[in-house]
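Input: a single structure, listed below in structure tokens.
The structure presented is a predicted model; accordingly, all values stated were derived computationally and were not measured. Numbering of ligands and ligand atoms starts at 1, following listing order.
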Amino acid sequence: MPLPRTRGKALRQRLAELRGPDVPAKALDARALAALAANPGCRRRAILDGAGVDKTALAGALGSPSAFGQSQFALTRGNAFEAKVKADGGAELLRLVHEKLDRRAEPPADAAVPDLSAIGPEGRTARTALALREATEAPGTWTLLDHPMLALDVAGSPAFLEPDAVVVHPDGSWTVVEIKSFPMLDGSADPAKVGAAARQAAVYVLALEEVAARLTQSGAPAPEVRHRVLLVCPKDFSNLPTASAVDVRKQRAVTGRQLARLTRIEDIADTLPEGTCFSPDLPAAELTAAVESVPATYAPECLSACELAFHCRARSREAGAVTTLGRSIRAELGGLTTTEDVLSAAHGESGDPEDPAVAALRRAAQLRAEALGLEVTPCP
Ligand code: SF4
């Protein structure tokens, strides 16, 4: 639910202070949102992303530069491939949508490609919504929205998202198109990369559903947002486009649930000390104190999803936190949260012997001692 205007203004002001004077906000993209939803309990990531902090610059200023993100070469290659797919008014892209998702419709010819330019993300979002409405109300034609702008409410703040394309079918339904530069070999691509693309597309589907709901509220016919998206990739080792329909129902449900659980950014901002600022221009010690003032929930999965992973891993290791060993081990250790607690419980120096985690640790320590021929301390 959107915030009342005055509260929204106060929050935006507070977030700008957190970012630092004259530091522009870094827009959240669907890739970041999908990763954010993968670690919904991390308050640190939630506030940094919510405030639009550039985490790559922040990680560098903290002395733990991230090894995360796309290389310049990959970005250039991806942009060139996308331009090829969308050439000639998106003829090839629309042909692929027709072939993979809507064979019963008339083949696309003379599709509309509306101009979506407007000032600022809010203006582009409104222009996109208008174009979607007009296309939906004119059935029987294909419409290609090239880089539309969508807004998704995330923990009380709008995140502006820019899918590669959205296609409106002749029956008025909407399809998300994702264009990636990783190859599809013999009709299939790297499952990890397809999974990441599906999670990203699911975020766009959620954002489109918000647009559809608003259109319906304003009296327009209810459009269908398709849950099968089109993934377009280079074919084999060429740069010819090929495509596959990907069902994102599961990713949509999981991401929607996790985004709804995200701790409200406003609540986190209220707990921070006055004057907290994450500007990368600050001295490292001051910046470290600011970052450490927000609790984090590090897990090894952060290494492939968050720019601050090296910083958080180092802090987590220093604290001896068992989360560095992985979420499943953390869950099995119950109330034992540090390596010190675990070793002490295993050696019978602390812990409740009735606790299944403590009992299992003592049994494991006993077996290890027996195997190594060490003096065995019987389990209590
Ligand atoms: S790396 Fe740190 S800030 Fe990022 S999600 Fe993990 S714990 Fe949170």
### Query
At their closest point, which heavy atom of Arg45 faces which heavy atom of Cys306, and how far apart are they?
NH1-CB, 3.1 Å
### Task
Under 4.5 Å between side-chain heavy atoms, chaining through other members, with only Ile, Leu, Val, Met, Phe, Trp and Tyr counted: pull out the rest of the cluster around Phe237, sorted by chain and number.
Leu185
### Task
With salt bridge (Lys or Arg N to Asp or Glu O under 4.0 Å) as the test, would you mind laying out the steps for Lys180 and Asp164 before giving the verdict?
CA-CA 9 Å; Lys180 296 293 181 193; Asp164 291 329; 5.5 Å; no
### Message
Any carboxylate oxygen within less than 4.0 angstrom of a Lys/Arg side-chain nitrogen, looking at Arg226 and Asp171?
### Response
yes
### Task
Sort by chain and number the protein N/O/S atoms that are closer than 2.8 Å to atom 8 (Fe) of ligand 1, and list them.
Cys42 SG
### Message
Between Arg103 and Glu99 (side chain of the first, backbone of the second, donor and acceptor by atom type, cut-off under 3.5 Å), is there such a pair?
### Response
yes
### Message
Using a 6.0 Å cut-off, check whether atom CG of Asp88 has over 12 heavy atoms from anything other than its own residue.
### Response
no
